[in-house]
Colleague: 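Mind having a look at this structure? Questions to follow.
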Amino acid sequence: MRYLKRFPLVPTRVTKFLAIIYHPNPKVQLHTHLKPPKANQTLKSYLNSNCNTKALLFFRDLLRKSPSTIDSFSFLFVLKASTQKHYAIGGKQLHALVIKFGFNSIVYLQTSLINMYSARGSLLDAHHVFDEIPCKNIVCWTALISASVDNQKPKKALQLFRQMQMDNVEPDNVAITVALSACADIGALGMGEWIHTYVHHKKGLDIDLSLNNALINMYVKCGNIVNGRRIFDSMEKKDVTTWTSMIVGHALHGQAEEALKLFAEMRGKDKKIWKKKRNGDRGSSLIVPNDVTFIGVLMACSHAGMVEEGKQHFKSMSEDYGLKPRESHFGCMVDLFCRAGLLKEAYNFILEMPLQPNAVVWRTFLGACCLKGNIELAAEVRCRLLELDPGHAGDYVAMSNIYAAKGMWDKKIVVRGQIKQRKAPGCSSIEVGTGISEFVAADEDHPLRPEIYVVLKHLLINMKASGYLPELSSLTEY
DNA sequence: ATAGGGTTAG
């Protein structure tokens, strides 16, 4: 224990870390259980029982007392432990050690390093490791693609996915699953469809549950709910994610009834379906909803104005399923009240929340105040927002719009003038061919995501109001 | 023995 105190777990500098290696305490004898195979087994068992800190401490002891027992396998376990723990500096030190031990050309370790950097949000470092890999196989490609998705670079992920194929590396089910989630993120329906076709034509591809779930998610996020549902209905084996993806899909499309029907079916409460299931495949309806499922359910209620139903599900979530509502669940409830125009209910709900309401919650409420024209509440909420997120230009705009709507021009001008930085212009992106373009456009083959229709509708209404658009007839199809 | 995977409020 004395060593733990003398040398902190995460040394602030590499030199300090190297000092640890070069100064093993001579008094400490090597324990017999630290022989090579045993040491790795210990690391592995710590990892399996989720004791990441213990694994790291143990590894540090190994470094100090018996560095010779460390082999490339040890690093795999330690890298995994440090990835899950998010130690700020430990990652680079481990990378340095991998190099120092001469293990830097082992592809397994390089892939682990990509993951480690990705988990720390250092996509550039991950890419750097990737570039150094001489023979890039499907697993390291997937690791980098996955890193791009995890770090909000879905466009880059898809570029890598294509580049990988140009390098004659065939995608497998894991790579395809990750690529599909990138498609879902940017609404790249064409690319998603291409992958779907590929999946059906490639021989020997293992179309497993995750891949099917990713396909459903891609279709519903890209606006093609029909195809999403088609896959859902055709799947014999479904897990909680399958159901949740479909429920969220219907909720996003404003199909609340369908979403809630699925939820009921999933719980096996729908007697008719229960019977049907009983005759056929028993057990397939025994799926327990998780916290994400409830996000979908609450979203559906919110979008359909079903306040009472939403309240019941929110209650049932913790009472019947023992799921603790998270920030987003409270956010859904606030949204539910706000969309229904129940300002008082929303306000009381926010004040009684066991969590600190965040800027998004107050912003939702501010939006409702605007719609209802409640200047007093809006002004109060804006004060809170100024504390939580002072740089958000949209809040100033919302507030100034309330004053404008009430004809309070002097106040409006004051609020408008408080904006320090120009608001970033809103933008949408839409896929053209298999690339992504930064403008709004649509045709039969490339329908827009549902939320873009909402933006388009507002755009068209504004254009009409400004006299740019002679007819509103084109709106009907939306 | 060893590396990569899906669902999450506005």
Side-chain angles (χ1 to χ4, degrees), chain A residues 36-37 40-41 43-44 47 71-80 83 103 106-116 118 126 129-130 133 136-147 149-150 164 171-182 184-185 206 208-218 220-221 228 238-249 251-252 289-303 310 314 325-336 338-339 357-368 392 394 451 454:
Chain A
N40 283 345
Q41 270 175 27
L43 280 173
K44 202 175 176 179
L47 206 62
D71 62 6
S72 64
F73 295 94
S74 323
F75 275 104
L76 276 177
F77 304 130
V78 174
L79 275 172
K80 204 166 214 171
T83 299
F103 297 148
I106 297 173
V107 70
Y108 293 87
L109 278 176
Q110 288 167 313
T111 312
S112 274
L113 285 168
I114 292 176
N115 275 330
M116 183 272 291
S118 167
V129 175
F130 177 81
I133 303 176
K136 301 170 175 69
N137 61 23
I138 181 69
V139 183
C140 40
W141 273 104
T142 311
L144 189 65
I145 294 170
S146 178
V149 175
D150 291 342
M164 174 182 88
D172 64 359
N173 55 342
V174 181
I176 289 170
T177 306
V178 179
L180 282 171
S181 79
D185 283 354
D206 176 25
D208 59 10
L209 196 52
S210 289
L211 178 47
N212 272 319
N213 291 345
L215 276 170
I216 294 180
N217 183 47
M218 181 278 291
V220 304
K221 293 283 165 60
K238 301 185 180 84
D239 66 357
V240 64
T241 307
T242 319
W243 288 90
T244 302
S245 300
M246 203 60 233
I247 289 169
V248 168
L252 281 175
N290 61 20
D291 47 348
V292 187
T293 317
F294 275 97
I295 301 254
V297 171
L298 295 178
M299 265 167 66
C301 295
S302 172
H303 292 173
F314 185 72
R326 283 182 287 114
E327 212 176 26
S328 44
H329 296 95
F330 289 104
C332 285
M333 289 307 285
V334 172
D335 190 52
L336 174 78
C338 285
R339 280 179 199 254
N358 61 17
V360 178
V361 163
W362 285 122
R363 200 162 288 139
T364 307
F365 188 66
L366 180 66
H392 197 274
E451 55 270 46
V454 180

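Computed from a prediction, not measured in an experiment: that's the story for all the values here. The analysis underlying the following values was restricted to heavy atoms, covering all of them including side chains, and did not include hydrogens, waters or symmetry mates. All chains are named by letter (A, B, ...) in the order of the sequence lines, taking the proteins before the strands, and each is independently numbered beginning at 1.
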Colleague: Compare all side-chain heavy atoms of Leu211(A) with those of Leu180(A) and state whether any distance is below 4.5 angstrom.
Modeller: yes
Colleague: Kindly give the heavy-atom pair with the smallest separation between Ile114(A) and Cys140(A), and that separation in Å.
Modeller: CD1-O, 4.2 Å
Colleague: Atom CE of Met218(A) to atom P of dG5(B): distance rounded to whole Å?
Modeller: 20 Å
Colleague: Would you say Asn115(A) and Thr83(A) are linked by a side-chain donor-acceptor pair, where the criterion is simply a distance under 3.5 Å?
Modeller: no
Colleague: Just by modelled atom types, is the Phe294(A) backbone N or O under 3.5 Å from a matching donor or acceptor in the His329(A) side chain?
Modeller: no
Colleague: Less than 3.5 Å between a donor and an acceptor, one on the side chain of Ser328(A) and one on the base of dA9(B), is that the case here?
Modeller: no
Colleague: Give Leu211(A) one of three labels, base, sugar-phosphate or nothing, depending on what nucleic acid heavy atoms sit under 4.0 Å from its own.
Modeller: base
Colleague: For the residue pair Val240(A) and Pro289(A), what are the closest heavy atoms and their distance?
Modeller: CG2-CA, 4.1 Å
Colleague: Side chain of Lys80(A) only, heavy atoms from C-beta on: which candidate in dT7(B), dA9(B), dA3(B) is closest?
Modeller: dA3(B)
Colleague: Please confirm whether any donor atom in the side chain of Asn137(A) sits under 3.5 Å from an acceptor in the base of dA3(B), or the reverse.
Modeller: yes
Colleague: Tell me what Val292(A) touches on the nucleic acid: a base, only sugar-phosphate, or nothing, going by heavy atoms under 4.0 Å.
Modeller: base
Colleague: Starting at CG of Leu209(A) and ending at P of dG5(B), how long is that distance when rounded to a whole Å?
Modeller: 16 Å
Colleague: Using the side-chain heavy atoms of Thr142(A), tell me which of these nucleotides is nearest: dG4(B), dA9(B), dT7(B).
Modeller: dG4(B)
Colleague: Can you identify which nucleotide, out of dG5(B), dT7(B), dA9(B), has its nearest atom closest to the Val178(A) side chain?
Modeller: dG5(B)
Colleague: Assert yes or no for the condition that the ring centre distance of Phe314(A) to Phe330(A) is strictly below 6.0 Å.
Modeller: yes
Colleague: Please determine whether a side-chain nitrogen or oxygen atom of Lys238(A) lies at a distance below 4.0 Å from atom OP1 or OP2 of dT7(B).
Modeller: no
Colleague: Just the rounded figure in Å: distance from C1' of dT7(B) to CG of Asn217(A).
Modeller: 6 Å
Colleague: Base, sugar-phosphate, or nothing: which does Asp172(A) touch, judged by heavy atoms less than 4.0 Å apart?
Modeller: base
Colleague: Which of these nucleotides, dA3(B), dA1(B), dG4(B), is closest to any side-chain atom of Ile138(A)?
Modeller: dG4(B)
Colleague: Starting the side chain at C-beta, find the nucleotide from dA1(B), dT7(B), dG4(B) nearest to Asp71(A).
Modeller: dA1(B)
Colleague: dG5(B) C1' sits how many Å from Ile114(A) CD1, rounded?
Modeller: 15 Å
Colleague: Where the side chain of Asn358(A) is concerned, which of dA1(B), dG4(B), dA9(B) is the nearest nucleotide?
Modeller: dA9(B)
Colleague: Without decimals, in angstroms, what is the distance between Leu113(A) CG and dT2(B) C1'?
Modeller: 14 Å
Colleague: Does His392(A) reach a base, just sugar-phosphate, or nothing at all? Heavy atoms under 4.0 Å.
Modeller: nothing
Colleague: Roughly, in whole Å, what's the span from CG in Asp335(A) to P in dA9(B)?
Modeller: 11 Å
Colleague: Of the options dT7(B), dA1(B), dT2(B), whose atoms approach the side-chain atoms of Tyr108(A) most closely?
Modeller: dT2(B)
Colleague: Given dA1(B), dA9(B), dT8(B), identify the nucleotide with an atom nearest to the side chain of Glu327(A).
Modeller: dA9(B)
Colleague: Reckon Ser146(A) touches a base, only the sugar-phosphate, or nothing at all at heavy-atom distances under 4.0 Å?
Modeller: sugar-phosphate
Colleague: Quick one: Asn212(A) CG to dT7(B) P, roughly how many Å, whole number?
Modeller: 15 Å
Colleague: Nearest whole angstrom, please: distance from the C1' of dG5(B) to the CG of Asp239(A).
Modeller: 13 Å
Colleague: Would you please determine if the base of dA1(B) is stacked by Phe73(A), with stacking meaning a centroid separation under 5.5 angstrom and planes under 30 degrees?
Modeller: yes
